[in-house]
Amino acid sequence: MESKKKDILLTVIPAVLLFTAFYCLTGKAGSLEPYAAPQPTMVTLDQLSTQIAELSSPVKKVVRGVITFEKGQSVELAQTFSPAVDPTRSVVLLNDAIVFNPDSTPDDKWLFRCGACLIDLTDSQITVQVEEHAADQKVGYQIIEYK
């Protein structure tokens, strides 16, 4: 009885595998051509892609830059940037001002951080103020404009 079961399994398993392989290799799918033009309630793939892109990111653009305050300059500086943004739909992220000493050794160039604040933002100019210091300072910024 055991050998009869083995004989059946040895016949059925290869037959199923051969049939599956043959079916996968010769199987045909239906046509990928649409049968008619999109109906009023249907959307094209391009429209769907645009909708997905709009949902996936509310950010329209990001502008990044660095303002350098040289020793002896004003503690308030304005810098222009490009591309222009809509200030009413934008958020500004400022890094702390990093005090920089260009005359020191490479290991000691960055001394410490101090405060920086946003004074004004227009469509193509940002104005930042830092704490007064006797060395150069750099402030990095990101302007994020939302849709």
Side-chain angles (χ1 to χ4, degrees), residues 8-147:
I8 291 173
L9 283 176
L10 288 175
T11 305
V12 170
I13 290 175
V16 168
L17 290 174
L18 283 172
F19 176 77
T20 304
F22 179 75
Y23 181 76
C24 290
L25 292 174
T26 61
K28 294 186 178 182
S31 172
L32 295 178
E33 294 298 318
Y35 58 89
Q39 301 302 311
T41 58
M42 301 172 91
V43 295
T44 66
L45 289 177
D46 290 336
Q47 291 170 326
L48 191 58
S49 296
T50 303
Q51 290 173 354
I52 290 171
E54 288 175 0
L55 290 175
S56 64
S57 176
V59 175
K60 184 175 181 181
K61 67 179 103 166
V62 177
V63 179
R64 294 180 178 93
V66 176
I67 301 173
T68 301
F69 294 82
E70 294 179 7
K71 181 171 57 174
Q73 268 189 339
S74 171
V75 293
E76 184 175 311
L77 278 180
Q79 178 174 316
T80 58
F81 57 83
S82 181
V85 297
D86 178 2
T88 62
R89 302 182 64 84
S90 299
V91 174
V92 177
L93 303 174
L94 287 178
N95 293 345
D96 291 336
I98 299 174
V99 179
F100 176 70
N101 185 357
D103 299 328
S104 56
T105 64
D107 294 335
D108 297 331
K109 281 188 184 270
W110 303 103
L111 302 175
F112 59 89
R113 296 175 181 266
C114 58
C117 69
L118 176 68
I119 300 299
D120 189 31
L121 177 67
T122 65
D123 60 346
S124 61
Q125 182 173 304
I126 183 171
T127 305
V128 175
Q129 184 174 8
V130 295
E131 297 175 25
E132 191 171 349
H133 201 276
D136 293 350
Q137 299 182 63
K138 292 184 184 243
V139 176
Y141 63 87
Q142 290 187 69
I143 303 167
I144 303 168
E145 182 181 359
Y146 292 95
K147 295 178 184 173

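Side chains are part of it too, since the values below use all heavy atoms of this structure and drop only hydrogens, waters and symmetry mates. Source: prediction; values computed, not measured.
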What are the two closest heavy atoms between [X] and [Y], and how far apart are they?
X	Y	value
Tyr141	Val66	CE2-N, 3.8 Å
Ala97	Gly115	CB-O, 3.9 Å
Thr122	Phe81	O-CZ, 3.7 Å
Thr88	Asp86	OG1-OD1, 2.7 Å
Ala84	Glu145	O-OE1, 4.1 Å

Supply the atom-to-atom distance [X] [atom1] to [Y] [atom2], rounded to the nearest 0.5 angstrom.
X	Y	atom1	atom2	value
Asp96	Lys138	CG	NZ	16.0 Å
Gln129	Phe69	CD	CZ	8.5 Å
Thr80	Asp123	OG1	CG	11.0 Å
Ile67	Thr127	CD1	OG1	7.5 Å
Cys117	Glu131	SG	CD	9.0 Å
Asp120	Gln125	CG	CD	7.5 Å

Taking the side chain as everything from C-beta on, heavy atoms only, tell me whether [X] gets closer than 4.5 Å to [Y].
X	Y	result
Ile126	Val63	no
Val139	Gln137	no
Leu77	Gln79	no

> Going through the distances and angles, do Tyr146 and Val59 end up as a side chain to side chain contact (heavy atoms under 4.5 Å, CB included)?
Replying inline: CA-CA 4 Å; Tyr146 292 95; Val59 175; 3.9 Å; yes
> Considering the options Val62, Leu93, Leu121, which one meets the side-chain contact (heavy atoms from CB on, under 4.5 Å) requirement together with Ile143?
Replying inline: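 Among Val62, Leu93, Leu121, the one meeting side-chain contact (heavy atoms from CB on, under 4.5 Å) with Ile143 is Leu121.
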>> Check this for me: Lys61, atom NZ, are more than 12 non-hydrogen atoms of other residues, nucleotides or ligands nearer than 6.0 Å?
In response: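 Yes, NZ of Lys61 has more than 12 neighbouring heavy atoms, counting only those of other groups under 6.0 Å.
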